Amino acid sequence: MTIDPATLFEPLRIGGMTVPNRIALAPMTREFAPDGVPGDDVVEYYRRRAAGGTGLIITEGMAVNATGAHDGPIPLLFQPETQLALARIATAVTGEGACIVPQLWHVGLQDSPTTVNPDTVKQRPPRVGPSGIYGNGKPGGSPMTDAQIADTIADFARCAAGAMSAGCDGIEIHGAHGYLPDQFMWSRTNRRKDRYGGDVAQRSRFLAEIVAACRAATSPDFAIIARISQWKSVDYDARLADSADDWAAMLAPLCDAGVDAFHCSTRRFWEPAFPDGGPTLAALTRRLSGRPVIAVGSVTLERDFKQGTSETGGGIAESAARSAHVAQIVEAMEAGEFDMIAVGRAMIANADWANIVREGRADNLRPFAREMLATLA
Ligand SMILES: Cc1cc2nc3c(=O)[nH]c(=O)nc-3n(C[C@H](O)[C@H](O)[C@H](O)COP(=O)(O)O)c2cc1C
């Protein structure tokens with residue numbers, strides 16, 4: 001049965017940003033930014049995806065400060081020269097009619113001492129996190145002081161203001177996958193006894209304060225998206241919340257702080273949020289928050305992005321294409337389960353994923369192969 005994909009091509013309002021359609025490029029770290037500055041090749045990589053019909057470009061994670069920078073040549077957004085590079089990316093993307101939000105990233109105590117490169121460790125400031133506990137439950141790094149928390153929140157806000165000056169339509173705050181804001185939200189890594197620790201609502205205070213600071217540093221129409229997840233790179237079965245009520249308690253401070261949309265990161269977009277077989281995390285979040293929601297995970301692919309790879313965070317799974325997902329996505333969107341779909345690996349393999357789908361040619365989508373990560377094609 002062929003399905004009319006027209007629903008995917010209706011505009012969507014997120015805060016003050018109007019995205020021309022319901023398709024986003026998922027944020028993907030590409031490590032092609034020598035000295036933290038994306039060059040012409042990165043500008044072209046994003047422009048091609050915008051020209052391929054994508055409505056919203058969510059960039060790879062960009063570090064908000066040196067303490068929170070992932071090892072490797074990722075964009076260091078706190079540098080003025082990186083903000084100039086972001087302006088060039090934004091000009092290229094918006095010139096093709098798409099919207100753009102950079103992803104703001106702080107890794108916190110994500111890297112465990114066994115997985116980091118000792119050479120780069122020597123060159124960067126010591127890692128910090130809520131309680132000096134890694135995602136694997138082992139001690140390490142240092143617990144953040146109140147002053148460090150305040151400075152980090154200010155760094156997010158400064159980068160948000162920088163993104164606005166660079167001509168972006170908004171930002172996405174990386175609050176997922178076990179990175180710093182998620183470390184605050186997760187009971188395994190947050191053992192604080194102060195106002196940043198405690199029950200689920202108190203544990204989301206740190207992310208809520210980041211949202212509020214970014215809101216205050218930007219204009220009211222500048223879109224603020226929060227990416228959140230249950231799963232962590234160090235533990236795919238981890239949960240921030242064990243029930244819909246807990247999830248609601250966690251979302252409430254974020255909504256009060258001014259989040260315009262949620263990006264619910266799951267590895268398979270169709271799976272129920274809880275083992276009881278109820279709604280997906282995206283559908284649940286949309287219902288509880290009343291905000292637009294972006295869903296993600298294995299879109300038009302047979303395998304999820306960690307399937308068959310090591311539990312300690314290594315490796316990205318390759319996958320055959322699966323066109324039948326298009327009908328599933330359209331149906332879920334029409335049923336009000338989510339408002340936008342983010343496409344990751346399938347959009348590395350197909351820069352014109354959106355145009356291919358709009359033309360009803362999803363059977364022609366290319367599979368995703370790991371070698372594709374070696375270039376910015
Ligand atoms: C190479 C690669 C890099 C990624 N980097 C990021 C990142 O910087 N920030 C983030 O939130 N997610 C990151 N992810 C996760 C993706 O945004 C997405 O959630 C995941 O790939 C699942 O979508 P897919 O099955 O369509 O690929 C990355 C994924 C891949 C494949």
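In this text the structure is predicted, and so the values were computed from the model without any measurement. Both backbone and side-chain heavy atoms feed into the values below; hydrogens, waters and symmetry mates do not. Counting convention: from 1, in listed order, for ligands and their atoms alike.
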Legend entry - Whether A176 lies under 4.0 Å from ligand 1, heavy atom: no
Inset, instruction - Only heavy atoms count here, so choose which of A24, A342, P27, A346 is nearest to atom 16 (C) of ligand 1. - result: P27
Inset, instruction - Return yes if some donor-acceptor pair links the side-chain N/O of R188 with the main-chain N/O of N136 below 3.5 Å, else return no. - result: no
Legend entry - Among E172, R227, Q103, H174, closest by any non-hydrogen atom to atom 12 (N) of ligand 1: R227
Inset, instruction - Looking only at protein heavy atoms, identify the closest one to atom 23 (O) of ligand 1 and say how far it is in Å. - result: V296 CG2, 3.8 Å
Legend entry - Close-contact set for ligand 1 against S298 heavy atoms, below 4.0 Å: 24 (P), 25 (O), 26 (O)
Legend entry - Atoms in ligand 1 flagged as close to G61, the criterion being non-hydrogen separation under 4.0 Å: 8 (O)
Legend entry - Under-4.0 Å salt bridge between R322 and E302: yes
Legend entry - R227 side chain vs Q103 backbone, donor-acceptor pair below 3.5 Å: no
Inset, instruction - Could you list the atoms of ligand 1 found under 4.0 angstrom from a heavy atom of A26? - result: 17 (O)
Inset, instruction - Determine, considering heavy atoms only, which of T29, L373, L25 sits nearest to atom 5 (N) of ligand 1. - result: T29
Inset, instruction - State whether the shortest distance between N or O atoms of R345 and N or O atoms of ligand 1 falls below 3.5 angstrom. - result: yes
Legend entry - N/O donor-acceptor pair under 3.5 Å between Q183 side chain and G178 backbone: yes
Legend entry - Side chains of E209 and Y196, donor plus acceptor under 3.5 Å: yes
Inset, instruction - Output yes when D352 and R49 qualify as a salt bridge under the 4.0 Å nitrogen-oxygen rule, no when they do not. - result: no
Legend entry - ligand 1 to G344 polar contact by distance, N or O atoms, under 3.5 Å: yes
Legend entry - More than 12 heavy atoms of other groups within 6.0 Å of D35 CG: no
